[in-house]
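Okay, structure first, notes after.
Every chain is numbered from 1, with letters handed out A, B, ... down the list of sequences.
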Amino acid sequence: MEEYLKQLNESQREAVVYTEGPSLVIAGAGSGKTRVLTYKIAYLLQQGLPPWSILALTFTNKAAREMKERIATLTDEQTARRLWMGTFHSLFSRILRNEAEHIGYPSNFTIYDATDSKSLLRSIMKEMQLDDKVYRPGMIQSRISNAKNALVTWKAYEQNKELVQHDMDSKVPLVREIYKRYQNRCLQAGAMDFDDLLLQTNILFRDHPDVLEKYRSFFRFVLVDEYQDTNFAQHLIVQRLCETHRRICVVGDDAQSIYSFRGANIDNILQFKNQYPGCRIFKLERNYRSTQNIVNAANSLIHKNTKQIQKTVYSEKEEGNKVSVLASYSDYEEGYAVAGKINDMRMRNYDYADFAILYRTNAQSRILEEALRKRGIPYKIYGGLSFYQRKEVKDVISYLRLIINPHDEEAFKRVINYPARGIGETTLGKLTAAATEHNVSLWTVLNDPIGYALQINSGTAKKLGDFREMIAGFIERNDKLSAEEMASAVVKESGIVSTLFQDRSVEGISKQENLQELLKGIAEFCEIRREEGAEHVSLADFLSEVSLLTDQDNDKDEQANKVTMMTVHAAKGLEFKNVFVVGLEEDLFPSSMSKDNPRAVEEERRLFYVAITRAEENCMLTYAKSRYRNGQSAMCSPSRFLRDIDTKYLHMPENTAATDSSAASRERFERPSAFASPFQQPKAVERETYVSPVAQAVQRQSRLTKVETAAASPSSAPASDLSGLYVGAKVRHDRFGEGEVTAIEGDGGNAKATVAFTHFGQKQLLLKFARLTIVE
DNA sequence: AGCCTCGACGCATTG
DNA sequence: CGTCGAGGCT
């Protein structure tokens, strides 16, 4: 340990060895925060604390995993594994499962993701016959989420005059009723959403002092990473756990607080020293990551904010290059500029993996992607649809969820007719109605259709019975089988495999691959658990983890040599030699949502600070003078944040419009092309000529796909007498009248004919359906 | 029952 | 310009 301590600088070491009382570690960007946390934990272990008595809360699974790995190298794997280290959500869901009986939930409760809860809200609003244009699901969802993060239960909501009044004013007076029903239905289904995990933990601790006391004495030291990003619910959990022993250490950087939209409250960190009188404050101010110019530029930016803990981040690395600003005429040119710059810099001994392109919104990735592809630059995009959100994956997971908790309403609705088994909307409607009426789950109704007086014919009853049998059979076998055996039984016996494998289209193949990937993932999970000494790895074990995973947690080709593209939010905690921050324009960065709210602008500024401080050697900021938004190009002006940076750390080869609006400088951004007449929109022309080859390629590909689908699909439809159909034949259609066949593709059930109708133009018709008669 | 087209709406950011 | 949901068509 003495050896380890030597590897720390003075302030780091002080933060590590102080363990007597509460402490706050203000960790500037790149100041070795993770190092302090890991060494501190190692130090605590060495002082004799058993690993399971240390609670270390992080913000992402990834952070937890990396820290565990580092601690494992400092101590040993066994020890590292026994630490209570993970995200708030994953650790407290574990505790909630243990203590579920106290709060009226089953210990095998399902965790609804955002999609599940939105879908539940939709059905509730439908039942209440509310207009989803007035009651927008997303808006309702965020209202409920905010309430929960502030620990306002539905009962408290109902009684809160302010909230109710606010809903009246916004013309959505029934939010409280929706909230109530939503919570009721979740309980009915044995489900918690993400916010519940924190809310219910608080309820548990509030109402069961004995339980709280148990965990208080169990966790003898509590550490929290990224404390600036905690919301009220998280803050209170931590406070409850530490109130008596006050052995707590929180680490964070107020300058990097960027999650207020999900309830994070920067005051938690700003007020920490008042919450815990006598608390020691350690400041880590030496930045080991970036060159002086980058650090200084970032400092000059963040000093424009009013609310912050005073600190002076400095770098003792070389001065380095100045932060450069690049202006482009359009968003698409911006992409090209970035791609070009990457290629240039690659000549100077950089790998692709040394670059990151950071943007404010995911929507910006597309155009950049196109530019990189055109230049043959390999890239990897983080974010977007996560693996577990894909339909084919979620369908399988829904089966698994149903096996663990058959009352899970959202899972039930997803799979009752997948693969298609003739249980349609009408039947589901009857089930739901009965369930709502008797205040029971869909599964309960399904188990006693007669008792609940379901008005269905015998055919439907049989189908429902078969489905029930299947699920019940799975449930029965689940005791004996492992997660992977169960999963493979499910995909086979439910008919998912046979359904999916009939589809030979490109999309179909990719779905099959995803399914294989999922099964492989489950097998790996079992494998790891067994290596850790588990005898039986159950489906429940797997599910309780998977719902809290995100796509960031399974990056496969991490070591592949590719440019990284992600949002600034996603980049927090990472570092790259060279960083491009793109789209530095008003209404984009800072976002248009924040412009009227000074607090929000400050948060955007912190976000920009995070972006800049990801860079080790070179940081390049770009903006475009026009950008496609909502389908049309709009002019934009450079971000105010560019002016916040002290110009002595900036390099502006373009003598940019950010500071100079003279005609001479403006001219430079004007397109110098032959098209550029003041009367036309040069960009549009350019766009068209440029985009079309790509568009053509895409079209070509999708055409191919379609043909392939048609040709390769096995046919089950009986061959009709349309076998006599030929190109050039004259045909008649009930609705479109007469026409001439110009093409036929595919055969059997998927055969398609293109017919040029005399009055209706060209149509593609699926022969299976279109009742064509040959005229001659 | 499933596919496709049309129209509305929105651009945050995440566990 | 996307995507996503609703509704229409076969």
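- The CG-P distance, from A/Leu428 to B/dA1, rounds to 11 Å in whole Å.
- If you take NZ of A/Lys126 and P of C/dG5, they are 11 Å apart, rounded to a whole angstrom.
- When rounded to the nearest whole Å, the span between NZ of A/Lys62 and C1' of B/dG15 equals 15 Å.
- Residue pairs meeting the salt bridge (charged side-chain N to carboxylate O under 4.0 Å, His left out) criterion with at least one partner in residues 566-576 of chain A, sequence neighbours excluded, are A/Glu226-A/Lys572, A/Asp229-A/Lys572, A/Arg289-A/Glu575.
- Separating the OG1 atom in A/Thr87 from the CG atom in A/Leu57 is a distance of 8.5 Å, to the nearest 0.5 Å.
- Between the C1' atom of C/dA6 and the CZ atom of A/Arg122 lies a distance of 11 Å, rounded to the nearest Å.
- As judged by a 4.0 angstrom heavy-atom cut-off over every strand, A/Glu604 is placed among the base-contacting residues.
- Counting to the nearest Å, the C1' atom of B/dG2 and the OH atom of A/Tyr418 are 13 Å from each other.
- Here the P atom of nucleotide C/dT3 and the NZ atom of A/Lys391 are 18 Å apart, to the nearest Å.
- A/Asp395 and A/Arg390 are not joined by a salt bridge, as no carboxylate oxygen comes within less than 4.0 angstrom of a charged side-chain nitrogen.
- When rounded to the nearest whole Å, the span between CD1 of A/Ile367 and C1' of B/dC11 equals 15 Å.
- Counting non-hydrogen atoms under 4.0 angstrom, A/Phe88 reaches nothing in the nucleic acid.
- When heavy atoms are screened at a 4.0 angstrom cut-off, A/Ala363 is found touching base atoms of the nucleic acid.
- B/dT13 has A/Phe261 stacked on its base ring, the centres lying under 5.5 angstrom apart and the planes within 30 degrees of parallel.
- Atom P of B/dT13 sits at a distance of 13 Å from the matching atom of C/dC4, rounded to the whole Å.
- Between A/Asn61 and the phosphate of B/dG15, there is no side-chain N or O to OP1/OP2 separation shorter than 4.0 Å.
- Salt-bridge check for A/Arg401 with A/Asp116: passed, with a basic side-chain N closer than 4.0 Å to an acidic carboxylate O.
- Nucleotide B/dT13 holds its C1' atom 15 Å from the CZ atom of A/Arg614, rounded to whole Å.
- When heavy atoms are screened at a 4.0 angstrom cut-off, A/Asp195 is found touching base atoms of the nucleic acid.
- Evaluation of the ring pair (Phe, Tyr, Trp, His ring centres under 6.0 Å) rule for A/Tyr259 yields A/Phe261, A/His569 as partners, not counting sequence neighbours.
- A/Ile423 comes within 4.0 angstrom of sugar-phosphate atoms only, judged by non-hydrogen atoms across all strands, and of no base.
- Contact annotation: A/Thr567 reaches the phosphate of B/dT14 (side-chain N/O to OP1 or OP2, under 4.0 Å).
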